[in-house]
Enquirer: 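First, the structure itself, so that you have it in front of you.
Computed from heavy atoms alone, side chains included, the values below leave out hydrogens, waters and symmetry copies.
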Amino acid sequence: MEKESTEDLDRDRQYCELCGKMENLLKCGRCRNSFYCSKEHQKQHWKKHKLICKEPDKPQVSKQNPEPEQSPVGDGKERHGKPKLKNRTEPEDIAPPVGERMKGFITNAEGQDSSDNKQDGSKSNGQTRSSPQKLAMEYIVPCMTKHGICVVDNFLGGDIGLGILEDVKALHKTGKFTDGQLVSQKSDSTKDIRGDKIAWIEGREPGCEKIRFLMSRMDDLVRHCNGKLGNYTINGRTKAMVACYPGRGTGYVRHVDNPNGDGRCVTCIYYLNKDWDAKEHGGLLRIFPEGKAQFADIEPKFDRLLFFWSDRRNPHEVQPAHTTRYAITVWYFDADERARAKEKYLTGAGEKAVKVELNKPSDAS
């Protein structure tokens, strides 16, 4: 495969068009504008990509004499114009951008810098001392507007957090977790991209009452933020993705949650890891905000809630975890983008997720 000069690459804007992965990319040999992590993902994405894939500076073929439709992966026959993948090579492909760790978005609801806040889980934050509306309007909305990332520490308090952790551990012990997948597609390279085990939870399953309560509290916050988070109108969400990184250096390479406009606008993650020490245990979530030379390191501390934009503004990675690491993720949908995604891709990413109307009273209050 032909090597591509690093001088022509803008690494912060290149993603696998199917799964969002940003490492070891291959370039479409015809249009030279689209990237994929493997030939398999190029093939899966071809139905959409063929509509825009054409050689640079090549005049369009007349309608009277069109070229036959081409498959992105060869079948042993010579075909004119068949796109081939080309290696994207970069000497420091996984090195973080030059710059210091971002600060300012980890201030908790009480106004303390949570980087100095001990996570003993013994007290709860603004979710109980402050109303969800106050926490949303005075902290989350301004923080997301300024940084695109927001951390709320001591979200539910130690007792509730431990109850949620017990639910998650019970799921894990009963074999409910399966290998994490990418964009609802199985891939031979998945384990090289992400090493987590996951379970999708609606909240009504037996033994998941505490997880359901967490989801209702997330919904409360988002409902009070709605209409003030960018230009989004949030009208639903996915099921909760309960994830376990089982240690042994498992992680998730640099990627984007929603690189292709599938409707997800806000990623919301709740962490469940008692006495977590990033120096010893690893497992940091490192976010690379678009257009900034700084990165943001988020420790997966117990009872910590994290929000960030789901699109290409926030490429991120889970660094290798050396002990068991638990997290629960929910993605919230923008109404307009989700409607467009459903119209274009009837089997797009997240299509199996359950939509929850945020204007309905929660059953887990």
Side-chain angles (χ1 to χ4, degrees), residues 102-115 117 119 121 123-157 160-161 164 203 210-240 257-258 263-272 285 287 289 296 298 301-311 313-314 327-338 355-365:
M102 288 180 64
K103 297 179 180 180
F105 60 87
I106 308 187
T107 303
N108 68 17
E110 281 79 48
Q112 293 177 286
D113 185 339
S114 64
S115 62
N117 184 25
Q119 300 292 310
K123 67 174 185 175
S124 58
N125 79 341
Q127 179 65 15
T128 53
R129 289 210 296 263
S130 299
S131 68
Q133 183 176 9
K134 183 176 181 180
L135 181 59
M137 297 307 300
E138 295 185 6
Y139 177 58
I140 295 174
V141 169
C143 195
M144 287 291 287
T145 300
K146 182 176 181 179
H147 300 291
I149 308 168
C150 180
V151 173
V152 178
D153 278 329
N154 307 307
F155 177 51
L156 297 175
I160 298 176
I164 297 169
K210 299 294 192 306
I211 297 174
R212 182 180 180 184
F213 177 80
L214 167 67
M215 295 162 71
S216 74
R217 298 286 77 84
M218 290 177 172
D219 290 350
D220 284 346
L221 286 181
V222 172
R223 185 186 302 113
H224 289 297
C225 293
N226 205 3
K228 300 175 179 64
L229 291 174
N231 296 319
Y232 296 125
T233 300
I234 297 174
N235 71 334
R237 59 159 166 80
T238 65
K239 293 181 181 180
D257 285 350
N258 177 15
R264 291 176 293 173
C265 60
V266 174
T267 301
C268 184
I269 307 176
Y270 182 72
Y271 293 111
L272 289 158
L285 179 71
I287 305 177
I298 312 296
K301 292 183 176 181
F302 178 78
D303 202 27
R304 168 172 278 183
L305 187 68
L306 168 66
F307 295 90
F308 59 88
W309 304 128
S310 304
D311 60 18
R313 285 173 286 183
N314 284 316
I328 299 176
T329 303
V330 170
W331 288 272
Y332 287 88
F333 291 128
D334 172 62
D336 291 341
E337 183 179 311
R338 187 63 177 161
K355 179 179 177 181
V356 177
E357 298 296 340
L358 295 178
N359 59 355
K360 293 182 180 178
S362 170
D363 294 331
S365 58

Enquirer: With a 4.5 Å heavy-atom cut-off, do C268 and V222 have their side chains touching?
Expert: no
Enquirer: Going from CG on N154 to NZ on K301, what distance comes out if it is rounded to the nearest 0.5 angstrom?
Expert: 10.0 Å
Enquirer: So I160 and R217, do their side chains get closer than 4.5 Å, heavy atoms only?
Expert: no
Enquirer: Do T267 and L306 come within less than 4.5 Å of each other through their side chains, counting heavy atoms only?
Expert: no
Enquirer: Using a 4.5 Å cut-off on heavy atoms from C-beta on, say whether the side chain of M218 contacts that of R237.
Expert: no
Enquirer: Please report the interatomic distance SG(C225) to CD(Q133), rounded to the nearest 0.5 Å.
Expert: 10.0 Å
Enquirer: For Y271, which residues count as a ring-ring contact (aromatic ring centres under 6.0 Å, His included) partner, sequence neighbours excluded?
Expert: none
Enquirer: Drop me the distance from F307's CZ to L221's CG, to the nearest 0.5 angstrom.
Expert: 5.0 Å
Enquirer: Enter the distance from F333:CZ to D336:CG here, rounded to the nearest 0.5 Å.
Expert: 14.0 Å
Enquirer: Would you say I164 and Y270 make side-chain contact, with heavy atoms under 4.5 Å?
Expert: yes
Enquirer: If you round to the nearest 0.5 Å, how far is NZ of K210 from CG of L156?
Expert: 12.0 Å
Enquirer: According to ring-ring contact (aromatic ring centres under 6.0 Å, His included), who are the partners of W331, at least two apart in sequence or on a separate chain?
Expert: none
Enquirer: Give a yes or no on whether the backbone of N258 and the side-chain of D311 come within a donor-acceptor separation of less than 3.5 Å.
Expert: no
Enquirer: Shortest non-hydrogen contact from G148 to N314?
Expert: O-ND2, 3.3 Å
Enquirer: What heavy-atom pair brings P142 and A136 nearest, and what distance separates the two atoms?
Expert: CD-O, 4.2 Å
Enquirer: Do W309 and D257 have side chains that approach each other closer than 4.5 Å (heavy atoms only, starting at C-beta)?
Expert: no
Enquirer: Is there a side-chain contact between L135 and I140, using heavy atoms and a 4.5 Å cut-off?
Expert: yes
Enquirer: What are the two closest heavy atoms between I149 and P289, and how far apart are they?
Expert: CD1-CG, 4.0 Å
Enquirer: So which heavy atom on K228 is nearest to which on V141, and how close?
Expert: O-CG1, 3.6 Å
Enquirer: Looking at I328, T329, V330, which one forms a side chain to side chain contact (heavy atoms under 4.5 Å, CB included) with I269?
Expert: T329
Enquirer: Provide the closest heavy-atom pair for Y232 versus N226 in the form atom of the first, atom of the second, distance.
Expert: O-OD1, 4.0 Å
Enquirer: What heavy-atom pair brings A240 and M215 nearest, and what distance separates the two atoms?
Expert: CB-SD, 3.7 Å
Enquirer: Mind checking what makes side chain to side chain donor-acceptor pair (under 3.5 Å) contact with D334, not counting sequence neighbours?
Expert: none
Enquirer: About how many Å separate CD1 of I298 and CZ of R304, when rounded to the nearest 0.5 Å?
Expert: 6.5 Å
